[in-house]
2 protein chains.
Amino acid sequence: MAVSSEHPTVLVVEDEPAQREVLYYNLQAEGFEVVTAADGDEALLLVEEEAPDIIVLDWMLPGISGIEICRQLKTRSETRGIPVIMLSARSEEVDRVRGLETGADDYVIKPYSVLELMARVRNQLRRVRPATVGQRLQYDDIVLDAETHRVTRGDHPLKLGPTEFRLLTTFMEKPGRVWSREQLLDRVWGRDIYVDSRTVDVHIGRLRKALCQHGGDDPLRTVRGAGYALG
Amino acid sequence: MAVSSEHPTVLVVEDEPAQREVLYYNLQAEGFEVVTAADGDEALLLVEEEAPDIIVLDWMLPGISGIEICRQLKTRSETRGIPVIMLSARSEEVDRVRGLETGADDYVIKPYSVLELMARVRNQLRRVRPATVGQRLQYDDIVLDAETHRVTRGDHPLKLGPTEFRLLTTFMEKPGRVWSREQLLDRVWGRDIYVDSRTVDVHIGRLRKALCQHGGDDPLRTVRGAGYALG
DNA sequence: CGTTCCTGTGACAAGGACGTAACATCTGTA
DNA sequence: TACAGATGTTACGTCCTTGTCACAGGAACG
């Protein structure tokens, strides 16, 4: 799960553009990273690529229905833990039971109050996200404290620049996961920044050097043709 | 007053369950302790029991009205210091004057923006807490007495201006934590004030000079690309 | 073994972030 | 009004960070 301690990522799946806009705007205003999908296929793709922290899912969708997406997500172990909030129009209310049966974690009826939806999103996030106070990430002997922006490796404080810090944060949020260069550019550099993807390589190198500045093995793994991973 | 320097307690008085939920979620998400009351009697009881740091009070309530509760609180000396933020529907707006007359410290009209309400809650707390908390904050050899507004470093009294004092207070409430320039502007300057974020840098410089006016290391840490921290 | 593609890394120029002095305002006070 | 203290803004210098390139080393593959 892509838990950026600062900005959890929300995936909004909604085919109606106006609705999508509203959700996008409000969620972003609340400080979330937001990605949107207009149909089921795009949604499933983005779940892979973006590893969102939570999904807001419209019931009625062209192609694969919301309920089907939800079922698929909840059967796969990698995605089972991502909370899903279902949206449905009042007339579909009868299906509420079925919605929750498929594993949706919460259920909101249109027309919904934006405030209420925000509250429910936060609620689900709070329920699911590591309850660790002060957001401390750990992998092996590497400890990253998001609040103080400090990183240590076996008692030695590490000195690393802003970009390396963000890179390492991303890796430590999900140790073992392989991130493509594009995904890293998205998360670490920002969605609409253009930089050469080789730049990632250079920064990986810098991060490696920083992590080993007091000795120890290189914990970063290069996955040829795919990207990089921690451990 | 229930002074936990980490988590101030907010009492929410609101009869409408959905509204109460929204407030509860949002305030809790912001890190407050929250207690809720559905009517006036419960509210007055909880004020005794929980000694909240601030009260968010709906105007329309079954039984004792919000305005009456506010009047009662503001006449008793034990509770006079607790800030009250009134909520009222637009149609009741005409009563704004009367609301403030009874001693409410701020006034928000429904439908309100959650962000705005949070800002106002924080504003009121910031206004009152430093004075009431009367705590002595300490970090290393630096001692800050909120009540007397005095700061010493290893027996030497330090001379610093109001802004530097507030800055230092913020840092000392959570040593080590990195504050972004925007967060500092929020807390130290106030939410709706517009000042250039570089101004923070200048005041950090002034605070540094003040802290070292009798020698000693600079305890403030610059975190490039992120902000500043104490220690 | 040779070719081709992918990755690691040193060098470097450009840009950005930060520290600070100087200046103009503003406020309260005598 | 004159004055002192405090504040916000600007400008400029310095240092750090960063993106890109070029080239070398290696892996996959026939």
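Quick note on labels: first sequence line is chain A, next is B, and so on, each numbered from 1. Here the structure is a predicted model, which means the values were calculated and not measured.
In this structure, L184(A) atom CG and dT7(C) atom P are separated by 13 Å, rounded to whole Å. D196(B) has its CG atom 11 Å from the P atom of dA11(D), to the nearest Å. For the pair R221(A) CZ and dT7(C) P, the interatomic distance rounds to 14 Å; values are reported in whole Å. Rounded to whole Å, the distance from NZ on K159(B) to C1' on dA4(D) is 10 Å. As rounded to whole Å, 14 Å separates atom C1' of dG19(D) from atom CZ of R166(A). The distance from atom CG of L185(B) to atom P of dT7(D) is 14 Å, rounded to the nearest whole Å. Across the protein-nucleic acid pair, F165(A) atom CZ and dT17(D) atom P stand 14 Å apart, rounded to whole Å. One interatomic measurement links the two molecules: CG of L207(A) to C1' of dT7(C), which rounds to 16 Å at whole-angstrom precision.
Remark: E68(A) engages R71(A) in a salt bridge (Lys or Arg N to Asp or Glu O under 4.0 Å) (not counting sequence neighbours). For R206(B), the salt bridge (Lys or Arg N to Asp or Glu O under 4.0 Å) criterion is met by no residue, not counting sequence neighbours. With sequence neighbours left out, the side-chain contact (heavy atoms from CB on, under 4.5 Å) criterion links H156(A) to H214(A). Checked against side-chain contact (heavy atoms from CB on, under 4.5 Å), S180(A) has the following partners two or more places apart in sequence or in another chain: E182(A), Q183(A).
Under a cutoff of 6.0 Å and an axis angle of 45°, R187(B) and W189(B) do not form a cation-pi pair.
Comparing R206(B) and T163(A) against DNA chain D, the residue whose closest nucleotide sits nearer the 5' end is R206(B). Nearest-nucleotide mapping onto DNA chain D: of L160(A) and E164(B), the residue sitting toward the 5' end is E164(B).
Pairs passing the ring-ring contact (aromatic ring centres under 6.0 Å, His included) check and including a residue from residues 35-56 of chain A, sequence neighbours excluded, do not occur. Contacts classified as side-chain hydrogen bond (donor to acceptor under 3.5 Å, both in side chains) and involving residues 221-231 of chain A (residues at least two apart or in different chains) are given here: R181(A)-Y228(A), D201(A)-Y228(A), R208(A)-T222(A). A salt bridge (Lys or Arg N to Asp or Glu O under 4.0 Å) check over residues 149-168 of chain A, counting only residues at least two apart or in different chains, returns the pairs D141(A)-R153(A).
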Provide a list of protein-nucleic acid N or O atom pairs under 3.5 angstrom, restricted to nucleotides 15-20 of chain C.
{"from": "dC18(C)", "atom 1": "OP1", "to": "G225(B)", "atom 2": "N", "distance (Å)": "2.9"}
{"from": "dC18(C)", "atom 1": "OP2", "to": "R181(B)", "atom 2": "NH1", "distance (Å)": "3.2"}
{"from": "dC18(C)", "atom 1": "OP2", "to": "R181(B)", "atom 2": "NH2", "distance (Å)": "2.8"}
{"from": "dC18(C)", "atom 1": "O5'", "to": "R181(B)", "atom 2": "NH2", "distance (Å)": "3.3"}
{"from": "dG19(C)", "atom 1": "OP1", "to": "R208(B)", "atom 2": "NH1", "distance (Å)": "3.1"}
{"from": "dG19(C)", "atom 1": "OP1", "to": "T222(B)", "atom 2": "OG1", "distance (Å)": "2.6"}
{"from": "dG19(C)", "atom 1": "OP2", "to": "Y228(B)", "atom 2": "OH", "distance (Å)": "2.7"}
{"from": "dG19(C)", "atom 1": "N7", "to": "R198(B)", "atom 2": "NH2", "distance (Å)": "2.9"}
{"from": "dG19(C)", "atom 1": "O6", "to": "R198(B)", "atom 2": "NH2", "distance (Å)": "3.0"}

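The C1' atoms of five pairs define one axis at each end of the helix from dC1(C)-dG30(D) to dA30(C)-dT1(D), and these two axes lie 30° apart (to 10°).
A heavy-atom distance below 4.5 Å is found between the side chains of L211(A) and L158(A).
Checked against dG8(D), dG10(C), dT17(D), the side chain of W189(B) finds its nearest nucleotide in dG8(D).
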